Amino acid sequence: MAQRYNFREAEQKWQAVWDNEQTFAVSADPDRPKYYVLEMFPYPSGRIHMGHLRCYTLGDVVARYKRSQGFNVLHPMGWDAFGLPAENAAMEKGVHPASWTYENIATMRGQLRAMGLSIDWSREFATCNPSYYRHEQDLFLDFLAKDLVYRQDGWVNWDPVDKTVLANEQVIDGKGWRSGAPIERRRLAQWFCRITSYSDELLSALETLDRWPAKVRAMQENWIGRSEGAYIEFDFATGPDTPLRVYTTRPDTIFGASFCAIAADHLLAESLATDNPGAAAFIDECRQLGTSEEAIQTAEKRGFDTGYRVRHPFVEGLELPVYIANFVLMGYGTGAIFGCPAHDQRDLDFAHAYDLPVLPVVVPQGEDPAAFEVGTEAYTGPGALANSEFLDGMDVDTAKRTVIGRFEAMGCGEGAVNYRLRDWLVSRQRYWGCPIPVIHCDSCGVVPVPREDLPVVLPEDIDFESPGNPLDRHPTWKHVDCPSCGAAARRDTDTFDTFMDSSWYFARFCSPEADEAVSREAVDYWLPVDQYIGGIEHAILHLLYSRYFMRAMRDTGHLDLAEPFAGLFTQGMVNHATYRDDAGEWLEPQRVVQQDGAFVRADTGAPVTVGRIEKMSKSKKNTIDPTDVIRDYGADTARWFILSDSPPDRDMEWTDAGVQGAYRFVNRVARLVMGNTDALPAPGTVPDGGTSPESQKLRALVHGAIADVTDDLERFQYNRAVARLYELTNDISSAVNDGAADPACLREALEVLVRLIAPMMPHLSEEMWGTLGHETRLSDTAWPEADSSLLVADTVTYAIQVNGKLRGTIDLPAGVESAAAQEAAKEIANVAEFIAGKEIRKAIFVPDKLVNFVV
RNA sequence: GCGGGCGUGGUGAAAUUGGUAAACACAAGGGACUUAAAAUCCCUCGGCUUCGGCCUUGCCGGUUCAAGUCCGGCCGCCCGCACCA
């Protein structure tokens with residue numbers, strides 16, 4: 001028996017070889033088909049976690065598989081290196097954010113390299129490096145020149161813990177997405193990306209993303225939130241001269257209107273508040289109200305009667321009261337609505353609270369218009385218009401069109417499309433981010449930093465001792481002369497949202513050394529990313545911003561592309577069981593052992609409660625460090641296990657037993673190859689035609705496995721591929737034990753096994769390729785092709801059914817005739833029993849599959 | 001409320017256009033080898049059974065020669081969004 005496979009030596013050896021030989025370094029080559037594989041780049045938090053291991057293993061399988069199929073594969077890696085944790089570390093530990101970040105990068109780079117990834121490391125960069133962010137500043141100035149970004153004063157989301165503003169997308173259930181702190185509202189002048197100018201395009205192009213998960217597309221569709229309706233202008237009977245402009249999706253219900261309402265932040269409300277203490281108090285109250293789901297659900301509909309009255313556009317003499325209402329949002333439409341209580345639940349609740357009329361104007365089919373009433377539930381379904389003069393009798397859609405036509409003719413409204421999407425707020429009052437390259441001058445206003453002065457580099461001497469924005473506090477950094485008039489002026493002391501950095505990094509990877517943001521030649525060749533892989537948590541944020549960024553870069557002439565990611569795969573989470581001791585404290589898995597079927601503490605033997613299987617998290621202490629697993633079992637074992645059992649898009653459970661199972665398989669493959677090399681003919685020997693039946697059977701199994709595994713890899717069904725490779729290994733082992741397969745066939749079988757596991761276990765397969773006598777690199781070897789003539793079996797197993805129930809099976813020659821198959825089927829004892837004495841009314845024959853007798 | 005998904009053994013799961021449900025693995029149990037252990041190998045492993053078989057994919061119904069798969073109606077769970085007019 002040959003010696004044992006030493007994964008430590010082999011993995012280190014092959015990682016060094018790939019590195020020295022620059023195996024995975026690529027360059028653009030228009031003569032070859034390209035394939036761009038990318039996993040979402042990591043934030044350098046300190047150490048890699050299981051989520052990284054899963055994501056990068058999945059990506060590496062794609063990269064290595066596509067490479068073996070002859071594609072010119074771009075598979076880069078970098079660091080999403082700006083962000084708040086670096087500043088928090090600076091405050092807690094007194095280290096500079098830059099050194100903290102670069103130290104983490106060094107650690108994590110080493111951990112990723114130990115995974116044996118087929119990365120082109122020559123393209124690596126970190127977004128916190130001025131050589132990267134200078135181009136981001138450049139892009140920003142291009143966007144500014146094209147009016148794709150702007151600065152505006154308005155109400156923004158303020159995170160009181162992280163002490164910065166946040167984009168709408170970063171407020172989850174009324175709380176900051178990082179800090180979890182309830183969001184406050186502040187009025188500030190901030191920078192925005194005009195993402196809403198692409199609302200329509202971002203929505204309609206979702207249809208073209210057929211290799212994206214339906215769920216992600218649906219989430220973006222929701223977020224963009226298109227609605228069709230109309231603007232209507234109401235003239236005041238009492239109140240200001242300019243009419244009140246509202247947005248509605250139900251213009252057909254105009255005759256059911258019984259009030260108008262405006263948001264607390266509406267200009268009209270604010271101006272009223274200046275000399276009306278009651279209004280001011282009510283507006284204040286509205287702003288106090290939380291925006292969490294709970295707050296919204298429990299909040300009562302409340303309003304403040306402004307005393308203003310508007311005229312109904314069609315009903316002579318009808319005046320509607322105008323309220324400031326707590327349920328009207330400034331951020332949608334015009335921040336003003338007309339209320340039709342009969343056909344909108346919120347309006348109905350409000351009408352009940354303030355004793356306003358409820359007039360049904362849409363009557364469901366079969367109801368008597370004169371008798372139809374609305375109780376506590378608004379009617380929002382289809383029906384015929386009633387109580388609506390010229391609309392009476394129409395269906396809802398016709399009524400909408402008709403009334404919009406009437407508004408347009410009267411000049412008091414028009415049909416309109418509205419989007420829920422808001423512009424992306426990108427300024428952050430933080431230090432560790434890309435400085436915003438503008439200067440504020442008292443006489444010239446906002447002045448772009450001249451291009452020759454880029455990059456605007458972060459100062460290094462920075463003080464984190466006192467609260468607030470460190471850049472703003474810096475004694476000298478912000479003081480500069482105005483580039484336009486030369487007078488004393490100030491730099492913008494905000495930095496960009498780090499999502500700006502990640503919105504174009506995939507483009508930078510195409511030409512990381514380019515003097516421009518991107519080299520046109522490089523992006524034309526490499527983009528779009530063919531397969532992007534990452535977590536579903538970025539379904540809206542990163543993936544929507546990147547889609548905006550590509551369009552903005554397109555419209556500023558940097559590239560010619562709208563969609564950055566042609567294919568998207570969202571991987572599931574890695575979970576682990578949780579444990580608590582009898583005091584209720586969480587316990588790390590390493591501190592728990594199983595004894596006689598029960599879980600106890602390893603140190604004291606005290607009983608342990610096994611909790612739910614949950615996402616690995618520090619707070620529940622149920623994390624496993626991937627590096628420990630790689631150290632103890634090897635990268636191939638870790639990769640193989642993480643690909644086994646669970647489909648990649650589903651959550652999986654990490655178990656020690658599963659890891660050990662994978663480890664056994666690694667050694668089994670190694671034993672199978674190493675223990676049989678002596679008997680094999682030289683590499684390159686092809687099985688000839690005169691092989692034994694056993695050999696032919698083995699060859700059929702081997703080529704069947706090639707076909708199946710190839711199919712599985714194409715469809716991202718890695719758990720199936722793993723199962724299929726277990727089967728192949730079992731088949732080859734049996735053939736070896738039987739000893740009847742000829743050596744050339746055995747060589748073929750072992751080589752195919754090694755080649756098929758290569759994308760998943762690159763070190764083991766590369767080592768075994770050498771063991772099999774090859775001087776070449778398996779990494780440079782083409783993917784095996786199935787011989788289709790071997791995929792056709794001589795005999796097939798038929799299922800024999802009686803009345804659709806299985807009553808037996810029988811092996812028959814492939815391609816047998818219906819009659820012959822039926823005759824043979826009737827011979828089976830159990831089948832004969834079930835058809836005995838009965839008339840066969842019908843016989844179904846599915847070639848090479850089954851016979852079904854209907855009696 | 002809107003949108004997306006899921007429901008199959010003790011567990012993770014598999015089942016290509018409807019065509020032999022439970023492949024493969026984990027766990028468990030039994031055995032072989034060994035002074036012993038580890039490693040390895042072999043066997044059993046959905047339920048019931050009179051050992052012939054019968055039943056079984058959340059529940060009810062339908063289509064079909066045939067349904068985990070298609071259709072209708074329920075039940076349950078997970079995820080995302082949500083006072084968006």
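Throughout, a chain's letter reflects where its sequence line sits, starting with A, and its residues are numbered from 1. Everything numeric here is computed off the predicted structure, so don't read it as measured data.
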Check: Just by modelled atom types, is the A:Ser617 backbone N or O under 3.5 Å from a matching donor or acceptor in the A:Asn622 side chain?
Finding: yes
Of all the nucleotides listed ([options]), which has the minimum atom distance to the side chain of [X]?
X: A:Val854; options: B:U16, B:A25, B:C65; value: B:C65
X: A:Val846; options: B:G19, B:C84, B:C65; value: B:G19
X: A:Ala723; options: B:A82, B:A66, B:A23; value: B:A23
X: A:Met219; options: B:C84, B:A66, B:G80; value: B:G80
X: A:Leu329; options: B:C65, B:U16, B:C83; value: B:C83
X: A:Glu833; options: B:A27, B:C65, B:G52; value: B:G52
X: A:Thr797; options: B:C65, B:U20, B:C24; value: B:U20
X: A:Arg668; options: B:C41, B:C65, B:C83; value: B:C41

Atom [atom1] of [X] and atom [atom2] of [N]: how far apart are they, to the nearest Å?
X: A:Arg664; N: B:A38; atom1: CZ; atom2: P; result: 13 Å
X: A:Asp252; N: B:A85; atom1: CG; atom2: C1'; result: 12 Å
X: A:Arg650; N: B:G12; atom1: CZ; atom2: P; result: 10 Å
X: A:Tyr419; N: B:C81; atom1: OH; atom2: P; result: 22 Å
X: A:Glu537; N: B:C81; atom1: CD; atom2: C1'; result: 17 Å
X: A:Ile844; N: B:U64; atom1: CD1; atom2: P; result: 13 Å
X: A:Asp645; N: B:A14; atom1: CG; atom2: P; result: 10 Å
X: A:Leu541; N: B:G80; atom1: CG; atom2: C1'; result: 12 Å

Say you pick atom [atom1] in [N] and the same atom in [M]; how far apart are they, in whole Å?
N: B:U34; M: B:G19; atom1: P; value: 50 Å
N: B:C59; M: B:C81; atom1: P; value: 33 Å
N: B:G68; M: B:U17; atom1: P; value: 16 Å
N: B:U8; M: B:C78; atom1: P; value: 15 Å
N: B:C83; M: B:C79; atom1: C1'; value: 22 Å
N: B:C71; M: B:U64; atom1: P; value: 16 Å
N: B:C26; M: B:G76; atom1: P; value: 37 Å
N: B:C77; M: B:U16; atom1: C1'; value: 29 Å

Indicate, with a heavy-atom threshold strictly under 4.0 Å, whether [X] touches base, sugar-phosphate, or nothing.
X: A:Glu727; result: sugar-phosphate
X: A:Asn667; result: nothing
X: A:Ser646; result: sugar-phosphate
X: A:Val216; result: nothing
X: A:Gly225; result: nothing
X: A:Tyr231; result: nothing
X: A:Arg715; result: base
X: A:Arg250; result: sugar-phosphate
X: A:Pro213; result: nothing
X: A:Asn830; result: sugar-phosphate

Judged by modelled atom types alone, do [X] and [Y] share a side-chain donor-acceptor pair under 3.5 Å?
X: A:Ser818; Y: A:Gln822; answer: yes
X: A:Asn730; Y: A:Arg668; answer: yes
X: A:Trp424; Y: A:Glu169; answer: no
X: A:Asn418; Y: A:Ser227; answer: no

Let's test this: given Watson-Crick or G-U wobble pairing with both distances under 3.5 Å, identify the partner of [N].
N: B:U16; result: none
N: B:U44; result: B:A28
N: B:A39; result: none
N: B:C2; result: B:G80
N: B:G9; result: none

Checklist line | Name of the residue among A:Tyr633, A:Tyr5, A:Tyr726 meeting ring pair (Phe, Tyr, Trp, His ring centres under 6.0 Å) with A:Phe665 | finding: A:Tyr726
Note to self: My understanding is that only one of A:Tyr354, A:Phe338, A:Phe282 makes a ring pair (Phe, Tyr, Trp, His ring centres under 6.0 Å) with A:Tyr323; could you say which?
What the structure shows: A:Tyr354
Next item on the list: Over 60° means perpendicular and under 30° means parallel, so classify the ring planes of A:Phe716 and A:Phe569, tilted if in between.
Entry: parallel
Next item on the list: Assign the ring pair A:Tyr247 / A:Tyr332 to parallel, tilted or perpendicular, where the plane angle (0 to 90°) is split at 30° and 60°.
Entry: perpendicular
Phosphate-side-chain proximity, [X] and [N], N/O vs OP1/OP2 below 4.0 Å:
X: A:Lys215; N: B:G5; result: no
X: A:Asn575; N: B:G12; result: no
X: A:Asn719; N: B:A14; result: yes
X: A:Thr655; N: B:U11; result: no
X: A:Tyr247; N: B:A85; result: no

Note to self: Return whichever of A:Ala799 or A:Asn803 has its heavy-atom-nearest nucleotide of RNA chain B closer to the 5' end.
What the structure shows: A:Ala799
Next item on the list: Take A:Lys849 and A:Trp223, find for each the nucleotide of RNA chain B with the closest heavy atom, and name the residue whose nucleotide sits nearer the 5' end.
Entry: A:Lys849
Checklist line | Carboxylate-amine/guanidinium proximity below 4.0 Å for A:Glu839 and A:Arg841 | finding: no
Checklist line | Donor-acceptor pair under 3.5 Å, A:Glu221 side chain vs B:G3 base | finding: no
Checklist line | Polar side-chain contact A:Asn222-B:C81 base: donor and acceptor under 3.5 Å | finding: no
